[in-house]
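Counting starts at 1 for both ligands and their atoms, following the listed order. Basis for what follows: all heavy atoms, side chains included, without hydrogens, waters or symmetry-related copies.
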Amino acid sequence: MAEATAPEAPKNLSDPEVCTREAERILKENDRGGYTVPTPGLYPFQWNWDSCFVALGWATFDEVRAWQEIDSLFAAQWPDGMVPHIAFHREDPGYFPGPDVWGKAAIWGDRPAVATSGISDPPVAASIVLKLWQGARDRQQAGAAAQRLYPKLMAWHRWFHGARDPAADGMVAILHPWESGRDNSPDWDTALSRVPADGLPPFERRDLDKIDAAQRPRKEQYDRYLSLILTFRERGYDPEAIYAASAFKMVDVGTLAILLRADRDLRVLAEALGHQQDIPEFDRWIARGEDALERLWDEEAGSFRSFDLVSGTFADAITSASFLPLYAGGVKPERLIQMIEILDRWFATTAYPVPSFDPEDQRFDRLRYWRGPTWAIVNHMIAEGLSDCGYDDRAARIAEASARAIRQSGFWEYFDPITGQGLGGDDFTWTAAMWLAWARHFATEN
Ligand code: DGY
């Protein structure tokens, strides 16, 4: 592997105050009027979980804008409750696959159609809305926004628990690696290799115009990403038909943990906002989610792992998502001990944890997207889970490392876990948001 060199530190960012002004600038510059693009050029539309994390950043200096971010995302919700992973609010030829490839527009209520992708994203929205509502300075505005969003959040959760868990046993599936948000994670290698990649129409990736290929997924993965989209499009994105047809059907430990946490958080909102009639439904989802998470514990690996519903086997990887059950809550004490042992081993080999993939695994690649690099948003969730479980010291270590990477290198999409070098897209909105809402509070003197 080529030796990565730590970049020259952008001098002024070592001052946390300067970092904060810079993070606010990035949010404002990436604002396209009610929604924020993740980064100009590479990702010129609204991405689902990006926007949710970004709302936390907005909330630190503009609550109105924070609520708008969530409202604009839900403007793209499909009538069946699905919230797509991309809302193509405006045309931009610089991204592949654009709306012409997805071929479907969603219509919500009396709003004009919003062109969207046809798959979803990790459902962090309910947890973010709860946080925004709990922390709001303007209580009246927050109450109205939470009431407005509640039925839309509920519809999305019902979609996950129905369309993606037809057996109603809690094993909620993702049908495309992009639905995990961790596109090229080794978690998907085996399952993705079963997806046919022959007979595809010619296509041109646009990400490689902007980012070094060594930091992005490989061609064999892109072929299969496209193949799955075409399979779903041919079936009109009918949930039953695509569930049956997809050669890729994974229970992603990350998505499952995020959904369980979001179910718990939406239940809190339901009680507070007077939706008591929904409580039994939440209790059923939470009980099933806890059972399903328990099934994702791989005794042999001593870790949670994603599960392949087609082959009936665990994914052959321990990734940063293996720690997200901490964020879901309810992990048994004996499991916690084993998870912390692994985390401590990863701490020992990476100065900027948490790497997205096991640094002791031969396939670890510290530059390539979800196969090694550290991501601030995943760190935020792992740290929150660690604190909830009483591991404040490790939570602070992760937050401090995230702050250090940003001050050293800038607001990059992801970071080399060994040197802290910034990777992927620059001026990245969710990294700026994570600084504003979280990491800056852990910045140390040096
Ligand atoms: C991309 O295009 O790289 C995205 O991660 C897919 O949504």
If we ignore hydrogens and angles and just use 3.5 Å, is the side chain of S246 paired with the main-chain N or O of F248 as donor and acceptor? yes
Atom 5 (O) of ligand 1 has as its nearest protein heavy atom D183 OD2, 2.5 Å
Within 4.0 Å of some non-hydrogen atom of Y95, the atoms of ligand 1 are 1 (C), 2 (O), 4 (C), 6 (C), 7 (O)
* Under 4.0 Å between a Lys/Arg side-chain N and an Asp/Glu carboxylate O for R206 and D209? -> yes
Quiz prompt | Sub-4.0 Å heavy-atom approach of F45 to ligand 1 | solution = no
Exercise for review: Would you check if the side chain of T60 reaches a backbone N or O of G57 as a donor-acceptor pair within less than 3.5 Å?
Suggested key: yes
Y369 heavy atoms within 4.0 Å reach ligand 1 at atoms 3 (O), 5 (O)
Open item on the list: Can you tell me if E91 has over 12 outside heavy atoms packed within less than 6.0 Å of its CD?
Closed with: no
Logged contact type for F96 with ligand 1, heavy-atom cut-off 4.0 Å, is neither
Nearest non-hydrogen protein atom to atom 7 (O) of ligand 1, with distance, is H85 NE2, 2.7 Å
Atom 3 (O) of ligand 1 sits nearest the protein heavy atom R216 NH2, 2.8 Å
Checking heavy atoms under 4.0 Å, the part of W370 that sits near ligand 1 is neither
Salt-bridge present (R182, D252; N to O < 4.0 Å)
yes
Note: ligand 1 atoms sitting under 4.0 Å from heavy atoms of W178 are 6 (C)
Checklist entry - Should the heavy atoms of other residues, nucleotides or ligands under 6.0 Å from CD of E240 be counted, would the total exceed 12? => result no
Open item on the list: Would you say that L309 contacts Y243 through its side chain, given a criterion of any heavy-atom pair below 4.5 Å between the two side chains?
Closed with: yes
